[in-house]
Protein chains: 2
Amino acid sequence: MQIGELSRRTGVSVRMLRYYEEEGLLQPSRRDSGYRDYGPAEEQLVRRIRVFSDAGLKLHAIRTLLPCVLNDRPELELCNEVRATLNREIGGIEERIACLESSRDILVGYLRQDAKRPRIGVRLQR
Amino acid sequence: MQIGELSRRTGVSVRMLRYYEEEGLLQPSRRDSGYRDYGPAEEQLVRRIRVFSDAGLKLHAIRTLLPCVLNDRPELELCNEVRATLNREIGGIEERIACLESSRDILVGYLRQDAKRPRIGVRLQR
DNA sequence: CTACAGTCTCACAGCGCTGTCAGGGTCAAG
DNA sequence: CTTGACCCTGACAGCGCTGTGAGACTGTAG
């Protein structure tokens, strides 16, 4: 299948499909014309990349996950690597969540303060 | 006070202090030499900007908050504006939190799946 | 053969900061 | 006067994508 159809099927833009390739996540075969040719395996792979990508992983991180998915290195070692990567990513996400929660609390705090006083915080000397 | 000292006092880099000005958050006076001159009011303001900034607000949003802080427009109207801005920002943050939480759940799901099976998900046909 | 749709590569733009560098003034102390 | 620290403006780079455009080729239907 050509890149346009794969794009339509997966909802990933043509631009991004080429970008995935540039980043080493995809290696579609080429026709004589130079056109990229994707098979069902690639389509599956793209869908999987999308899941991780939607989950907020950067392509760089996803790439470290793919060897296990593609199974072109010994299983156990890689699955350990993958578990480590996932754990690291989950940790990062939770860190960001905690950060956002404290940000929200700060803003909520301002809002409460504002409800009590006419102005935010201490008045500036101007 | 010169920009360097303000930077040291507030922990905001010189570059960012100039950037705040570029974005209309600060309007320090100038000496004959062209050097920026900051007073205690500006120092306070910078600290306040930092609080919002650390809370994840974009400078653009912070700028809409400042007129109330500086009190150069009628209070009530502005405080309403500020309350609206804060509420909007809080909403945005909570949206991002929800998004990250679902991302995390997806990754945790993969991790669980991985614990049961030797490989992530369905095997690719290669 | 002629359109026209599809593809190719290369490359620039933009998001919102943030650092850094260049080339050039200013100001205090020695 | 000279040195060194400090300041000025302007501009480029980088983060991780993502869109868009140019200029050129390919493939298919009429």
Side-chain angles (χ1 to χ4, degrees), chain A residues 1-39 42-43 46 49-66 85 88-89 92-93 95-96 99-100 103, chain B residues 1-39 42-43 46 49-66 85 88-89 92-93 95-96 99-100 103:
Chain A
M1 123 186 56
Q2 297 189 165
I3 198 169
E5 191 184 345
L6 181 59
S7 171
R8 256 171 269 123
R9 287 204 192 190
T10 59
V12 176
S13 73
V14 169
R15 175 72 176 85
M16 287 312 293
L17 288 174
R18 293 201 262 247
Y19 185 59
Y20 286 174
E21 183 176 347
E22 210 174 311
E23 293 298 300
L25 306 186
L26 278 176
Q27 290 99 33
S29 52
R30 299 287 185 130
R31 299 185 185 169
D32 288 350
S33 61
Y35 282 21
R36 276 164 256 257
D37 201 2
Y38 301 90
E42 269 89 6
E43 184 177 341
V46 169
I49 291 171
R50 240 185 83 100
V51 170
F52 285 120
S53 176
D54 288 349
L57 266 67
K58 310 201 166 171
L59 292 193
H60 171 80
I62 298 175
R63 189 174 38 204
T64 73
L65 260 35
L66 291 187
T85 298
R88 207 180 316 117
E89 292 296 332
I93 289 174
E95 204 173 306
R96 277 186 281 164
C99 181
L100 284 174
S103 299
Chain B
M1 123 186 57
Q2 299 189 162
I3 200 169
E5 190 183 346
L6 182 59
S7 171
R8 256 171 271 124
R9 288 206 194 188
T10 59
V12 176
S13 73
V14 168
R15 175 73 177 84
M16 288 313 292
L17 289 173
R18 293 201 262 248
Y19 184 59
Y20 286 175
E21 183 176 348
E22 210 175 308
E23 294 298 300
L25 306 185
L26 278 176
Q27 289 97 36
S29 52
R30 299 286 185 133
R31 299 187 184 168
D32 290 349
S33 60
Y35 282 22
R36 277 164 255 256
D37 201 2
Y38 302 90
E42 270 88 7
E43 183 175 341
V46 169
I49 292 171
R50 239 186 83 102
V51 170
F52 286 120
S53 177
D54 289 348
L57 267 67
K58 309 201 165 173
L59 292 193
H60 172 80
I62 298 175
R63 188 173 41 204
T64 75
L65 259 34
L66 290 187
T85 299
R88 208 180 317 117
E89 293 295 334
I93 289 174
E95 204 173 305
R96 275 185 281 164
C99 181
L100 285 175
S103 298

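Residue numbers begin at 1 in each chain, while the letters A, B, ... track the order of the sequences.
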Residue met sooner reading DNA chain D from 5', once A:D32 and B:V14 are mapped to nucleotides: B:V14
Whichever of B:E21 and B:R8 has its nearest DNA chain D nucleotide further upstream toward 5':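 Between the two, 5'-proximity favours B:R8.
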Name the closest nucleotide to the [X] side chain, picking from [options].
X: B:I3; options: C:dG6, C:dT9, D:dC8; value: D:dC8
X: A:S13; options: D:dG19, C:dC8, C:dT26; value: D:dG19
X: B:Y35; options: D:dT18, C:dG25, C:dT18; value: C:dG25
X: B:Y19; options: D:dC8, D:dC7, C:dC17; value: C:dC17

Please report, rounded to the nearest Å, how far the [atom2] atom of [N] is from the [atom1] atom of [X].
X: A:M1; N: C:dG6; atom1: CE; atom2: C1'; value: 16 Å
X: A:R96; N: D:dG16; atom1: CZ; atom2: P; value: 12 Å
X: A:R36; N: D:dT26; atom1: CZ; atom2: P; value: 15 Å
X: A:Y20; N: D:dG16; atom1: OH; atom2: P; value: 15 Å
X: A:E23; N: D:dT18; atom1: CD; atom2: C1'; value: 13 Å
X: B:E5; N: D:dA5; atom1: CD; atom2: P; value: 18 Å
X: A:L17; N: D:dG19; atom1: CG; atom2: C1'; value: 14 Å
X: A:R30; N: D:dT26; atom1: CZ; atom2: C1'; value: 14 Å

OP1 or OP2 of C:dG6 under 4.0 Å from side-chain N/O of A:Q2: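 False: A:Q2 side-chain N/O out of range (4.0 Å or more) of C:dG6 OP1/OP2.
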Phosphate-side-chain proximity, B:S33 and C:dG25, N/O vs OP1/OP2 below 4.0 Å: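 The answer is no; no side-chain N or O of B:S33 sits under 4.0 Å from OP1 or OP2.
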Closest contact, heavy atoms only, B:I49 versus B:L25: CD1-CB, 3.9 Å
5'-most by nearest nucleotide on DNA chain C - B:L59 or B:R31: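 The residue mapped nearer the 5' terminus is B:L59.
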Whether B:R30 side chain and B:G34 backbone form a donor-acceptor pair below 3.5 Å: yes
Touch class at under 4.0 angstrom, heavy-atom based, for B:R18 against every strand present: base
Salt-bridge criterion met for A:E22 and A:R18 (N-O under 4.0 Å): no
Any N/O donor-acceptor pair, B:R15 side-chain to C:dT20 base, under 3.5 Å: yes
B:E95 CD: over 12 foreign heavy atoms closer than 6.0 Å: no
CZ on A:R63 to CG on A:L57, rounded to 0.5 Å: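 So the CG of A:L57 and the CZ of A:R63 are separated by 12.5 Å.
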